[in-house]
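Each remark here refers to the structure printed beneath this line.
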Amino acid sequence: MSVRRARRRSALRSASAAWLVVALSLTGCGGQSALTPHSGPARDIDKLWWWMLAAAAIGFFGAIAMLAVAWWRRRKEGLPWLGEREETTNSLVIVFGIAVPVVVLVSLFVVANLVVAKSTEAPAAGTTQLSINVVGRQWFWEVRYPGSPAVTANEIHIPVRTRVNVIATTDDVIHSFWVPELNRKIDMINGRTNRVLLYADKPGVYRGQCAELCGLQHAHMAFQVIAEPAARFRRWLANMAAPARAPQGAAAQQGEQVFMTQQCASCHTIRGTAADGRIGPDLTHVADRRTLAALTIPNTRPELISWIRDPQRIKPGNKMPALGLSNAQINAVADYLAGLR
């Protein structure tokens, strides 16, 4: 292969990679995108983004055009279609270099602060039908429903077309709660409480993400907002409020015994049992969840077994150690957890 051909292929690969980055930036990675809004606040943010992009594009390409003209006529004063009148050239600089940018920037500032910021701000007291407490931790999300003993992790269920007040706090470092398809992001700072409105136009699963670098596994600190019809949500909430089911079968019963006698019970809570740990997620209904480790792996039996055997291999730096259980013990614990629905 010639050197010229190799360079051409390398340039094509670089261009393809650049376009891929742009495409991922526009569509969002992992199924989340601020450009696919599903609520009023998200649509306002989307419109503002497009207007800002249009203004930036006009400014950018206008500057490029003027630079091109200046380069082409670099040996002659004035612009090519205006002759050499200095007054006209100065007027163009004032209009396009000062007046237009000021008008555009002031307009975008006013729209962003008086329209978009108002529509996306935290809901006023008494204007929502449901409140949810979300606590950010390294690296998972604890979700509680005030007035109910229901506790889950990394999944926020809400009734569709319902204004939901999310009350966000952190248990350790600074996190940032963000569901781009539903609303803006908010910071979660230790010792402070922040709030944001969640509202979904239609049933669906909307991916959220921690948007503040919070440690080694920041990229693996995601969650899902599951918007569903009100009747289905009420059934789900009633099930989550119930204590854990008693294990069925010898293997699951053995798994419960292993869970309670090993370190599992000192780190996790299973309501209705002696397990009352506060370090890891509540596992009372863990089998009902779609994923494990904050959307890192699917909630299937093989993945669950891999997680119990060596969680540090899957999510390095998390607070769950490998306990050195035998294969029989691991399988028994998996049988027990698989029955917690």
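Side-chain polar atoms of Thr36 and Glu181 form a donor-acceptor pair below 3.5 angstrom. Arg301 and Asn331 are linked by a side-chain donor-acceptor pair at a separation below 3.5 angstrom, with hydrogens and angles left out of the test.
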query: Can Arg43 and Asp201 be said to form a salt bridge (charged side-chain N to carboxylate O under 4.0 Å, His left out), step by step?
result: CA-CA 11 Å; Arg43 276 189 288 274; Asp201 292 334; 2.6 Å; yes

task: Check step by step if side chain to side chain contact (heavy atoms under 4.5 Å, CB included) holds for Met221 and Cys214.
output: CA-CA 9 Å; Met221 188 175 172; Cys214 57; 3.8 Å; yes

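Of the possible donor and acceptor atoms, none in the side chain of Glu142 sits under 3.5 Å from a partner among the backbone N and O of Val134. With hydrogens and angles disregarded, no donor-acceptor distance shorter than 3.5 Å links the side chain of His38 to the backbone of Tyr206. No donor-acceptor distance shorter than 3.5 angstrom exists from the side chain of Thr269 to the backbone of Arg271, with no hydrogens or angles considered. A donor-acceptor contact shorter than 3.5 Å is absent between the side chain of Thr170 and the backbone of Asn190. Within the 3.5 Å criterion, the main-chain N or O of Met320 finds a donor-acceptor partner in the side chain of Gln312. Checked by atom type and distance alone, the side chain of Lys319 never pairs as donor or acceptor with a backbone atom of Trp139 at under 3.5 Å. Put simply, the side chain of Ser107 never gets that close to the backbone of Leu105: no donor and acceptor are under 3.5 Å apart. Between the side chain of Asn299 and the backbone N or O of Val286 there is at least one donor-acceptor pair closer than 3.5 Å. Under the 3.5 Å distance criterion, the side-chain polar atoms of His220 are left unmatched by any main-chain donor or acceptor of Ala293. Thr127 places no side-chain N or O within 3.5 Å of a backbone atom of Pro123 that could act as its donor or acceptor partner.
Ion pairing between Asp282 and Arg144 fails under the 4.0 Å rule for side-chain N and carboxylate O. At a threshold of 4.0 Å, the pair Arg341-Asp288 does not count as salt-bridged, since none of the basic side-chain nitrogens sits closer than that to a carboxylate oxygen. Salt bridge status for Asp187 with Lys185: absent, with no side-chain N to carboxylate O gap under 4.0 Å.
Going from atom CD of Gln209 over to atom NE2 of His175 covers 12.0 Å, rounded to the nearest 0.5 Å. Between Phe140 atom CZ and Lys315 atom NZ the span is 9.0 Å, to the nearest 0.5 Å. Distance check: Ile132 CD1 to Leu198 CG gives 7.0 Å after rounding to the nearest 0.5 Å. Here the CH2-CG distance, from Trp141 to Asn154, works out to 9.0 Å after rounding to the nearest 0.5 Å. In this structure, Ser176 OG and Arg184 CZ are separated by 10.0 Å, a value rounded to the nearest 0.5 Å. A distance of 12.0 Å separates CG in Asp276 from SG in Cys267, rounded to the nearest 0.5 Å.
When side chains are defined from C-beta on, Thr273 does not count as touching Pro243, because their heavy atoms never get closer than 4.5 Å.
In terms of heavy-atom proximity, Asn133 sits nearest to Pro146 at ND2-CG, 3.6 Å.
Residues Leu325 and Ile270 are members of one and the same hydrophobic cluster, defined by side-chain heavy-atom contacts under 4.5 angstrom among Ile, Leu, Val, Met, Phe, Trp and Tyr.
Aromatic ring orientation, Trp236 versus His157: parallel (interplanar angle below 30°, classes split at 30° and 60°).
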